[in-house]
Amino acid sequence: MKNWKRMLLSIFISAGLITSAAPAMAAPSQPAAVKVNDQNVKYAGGAPVIDQGTTFVPLKMTLQAMDAKLTDAADGTIHAVVNGKTITLKSKLKRINGVTYAPIRVVGDAAGYEVRWDAKTRTILLAPKAGASAKTGGRGFMWEVEKNGNTVYLVGSIHIANDSFYPLRPEFEKAFAKADYLGVEIDLSKAADEAQQKLIMDLGMYQDGTTLKDHVSSATYTKVGKILKQSGMKPDALDAFKPWVVGTTINSLKSVKAGYEAASGIDLYFIQKAIERKIPVLELESYESQLGMFNGFSKELQEKNLNDILDNFDVLDDTVDKMAEMWKTGSEEQLLELTNSMAADEEYNKAMLIDRNIKMADKIDGYLKNGKKEEYFIVVGAAHYLGEHGIVKLLEDKGYKVVRK
């Protein structure tokens, strides 16, 4: 297993970096269009916007295009009439130039539409959902643990995805429907908060007047400029940022070009559903811990990781496809192979997996022991679960029986 492949394990490991550490200047252009039943939605006075991986659309006009009517929307609550029935949604809302915006996936799903993404034309496609016999997006990874009336479902996420992952198989939806709590690495719905953005800039940017050029070799810096130019950006666009942010950004650029985005990731999908259901979202980690981990890597490791991405940039999209297929097949053998590949670098493996797994397993242990007869639906990167230091073994070592579902 080549070392560069481990860099793409962020798709399975670290939610925060995929969606929020890449600087805004590197974000892709906004969607060109929204189509409902293959007809372009004509927006007057507003257009779709992307905010930290989530696409927001003008609420009233989008509902009208789906033959639904907006009654009112305020304070995170939407009332609308769909097929003659009044529905109530809980969702993050935005006001832009006097127009109310809402996440397209939440709105489309509530109105009975499947939301798809055409990466080539950058168009959001909405069409009526197929019947119950429709093919699911794949098996994925889920385990179940029980203790004294408490149940924890352990779901392995892939933090960026596309429409081919949905609908999820019924076992995921049924388990989530019974859950009293959703647990995630970090709550991505908070990614746009001013405090989180300030943290990213404080940690990810040089604060002493130096730039990337002063901290990496001339060969590495030249490769960065070449790839940024190739991607339609200025060669010095990321000069203010540290190698770990530059690597994450370039990785994300390639993934988006391949049609994968955080807005379709498994964890964000369930976060949006938790908001709709009004159930608490528990964070097993924090933005501070995830960003601090990457920022704490040695200078040598940061440059090495960056070069792993730069030297294999042309094949990164193919590797993302392979990882996506691995999630869909639910292959434990392939997932374990990827997880074990990280052991080649002790510093990287300890920070990315070993230390974090211990803390997450301890929190899950606490959920199982609280005696409240509750159900928890835990969604963290899939690579955290398997292997000698994985969450599954850590829980088994504590005496739990962990069953693959």
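Sequential numbering from 1 along the given sequence is applied to the chain's residues. What you see below is based on every heavy atom in this structure, not just the backbone, and it leaves out hydrogens, waters and symmetry mates.
At a threshold of 4.5 Å between non-hydrogen side-chain atoms, the residues I266 and L168 count as touching. Side-chain contact between Q334 and M326 is present, with heavy atoms from C-beta onward closer than 4.5 Å. In this structure, the side chains of V34 and P48 come closer than 4.5 Å at one or more pairs of heavy atoms. Side-chain contact between I250 and L228 is present, with at least one heavy-atom pair separated by less than 4.5 Å. Contact of the M323 side chain with the L338 side chain is registered, since non-hydrogen atoms from C-beta on lie closer than 4.5 Å. Side-chain contact check for D109 versus K273: some heavy-atom pair is nearer than 4.5 Å. Taking the side chain as every heavy atom from C-beta outward, V115 and Y166 never approach each other to under 4.5 Å. A heavy-atom distance below 4.5 Å is found between the side chains of I200 and L291.
Look at D355 and K359 and you find no salt bridge, because none of the NZ, NE, NH1 or NH2 atoms lies under 4.0 Å from a carboxylate O. Here D308 pairs with K304 in a salt bridge; the nearest charged N to carboxylate O distance falls below 4.0 Å. Salt-bridge formation is detected for the pair D311/K223: a Lys NZ or Arg NE/NH1/NH2 atom is positioned less than 4.0 Å from an Asp or Glu carboxylate oxygen. The pair K398-D362 counts as a salt bridge, with a side-chain nitrogen and a carboxylate oxygen less than 4.0 angstrom apart.
Side-chain atoms of Y221 do not come within 3.5 Å of backbone N or O of H215 as any donor-acceptor pair. Side-chain N or O atoms of R277 include one that pairs as donor or acceptor with a backbone N or O of F176 at under 3.5 Å. In this structure, E185 contributes its side chain and G381 its backbone to a donor-acceptor pair below 3.5 Å. In terms of modelled atom types and a separation under 3.5 Å, the side chain of N340 and the main chain of E337 share no donor-acceptor contact. Proximity of a side-chain donor or acceptor of W327 to a complementary backbone N or O of G156 within less than 3.5 Å is detected.
For the residue pair K178 and T151, no side-chain donor N or O sits within less than 3.5 Å of a side-chain acceptor on the partner. Of the N and O atoms on the side chains of T62 and Y43, at least one donor lies less than 3.5 Å from an acceptor on the other residue. Between the side chains of D321 and Y260, at least one donor N or O sits under 3.5 Å from an acceptor N or O. In this model, no donor atom of one side chain and acceptor atom of the other lie less than 3.5 Å apart for N162 and S264.
Counting all heavy atoms, side chain and backbone alike, A73 lies closest to L59 at CB-CD2, 3.8 Å. Residue N295 comes nearest to K242 through the heavy atom pair OD1-NZ, 3.0 Å, listed as atom of the first residue, atom of the second, then distance. Scanning all heavy atoms of the two residues, the minimum distance from Y113 to P128 falls at CD2-N, 3.7 Å. What you find for P103 and S91 is that their closest heavy atoms are CD-OG, 3.0 Å. In terms of heavy-atom proximity, E303 sits nearest to P243 at N-CB, 4.4 Å. When all heavy atoms are compared, the tightest approach of H389 to N357 is O-ND2, 2.9 Å.
Dense packing is recorded around CD of Q207, with more than 12 heavy atoms of other residues, nucleotides or ligands lying under 6.0 Å away. At most 12 non-hydrogen atoms from other residues, nucleotides or ligands lie less than 6.0 angstrom from NZ of K147. At most 12 non-hydrogen atoms from other residues, nucleotides or ligands lie less than 6.0 angstrom from CG of D75.
Ring pair F377/F270: centre-to-centre distance below 6.0 Å. Ring pair W244/F297: centre-to-centre distance not below 6.0 Å.
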Show your working on ring-ring contact (aromatic ring centres under 6.0 Å, His included) between Y269 and F165 and close with a plain yes or no.
CA-CA 11 Å; Y269 170 80; F165 285 73; over 10 Å; no
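Aromatic ring pairs are classed by plane angle as parallel below 30°, tilted from 30° to 60° and perpendicular above 60°; the pair Y376 and Y367 is parallel.
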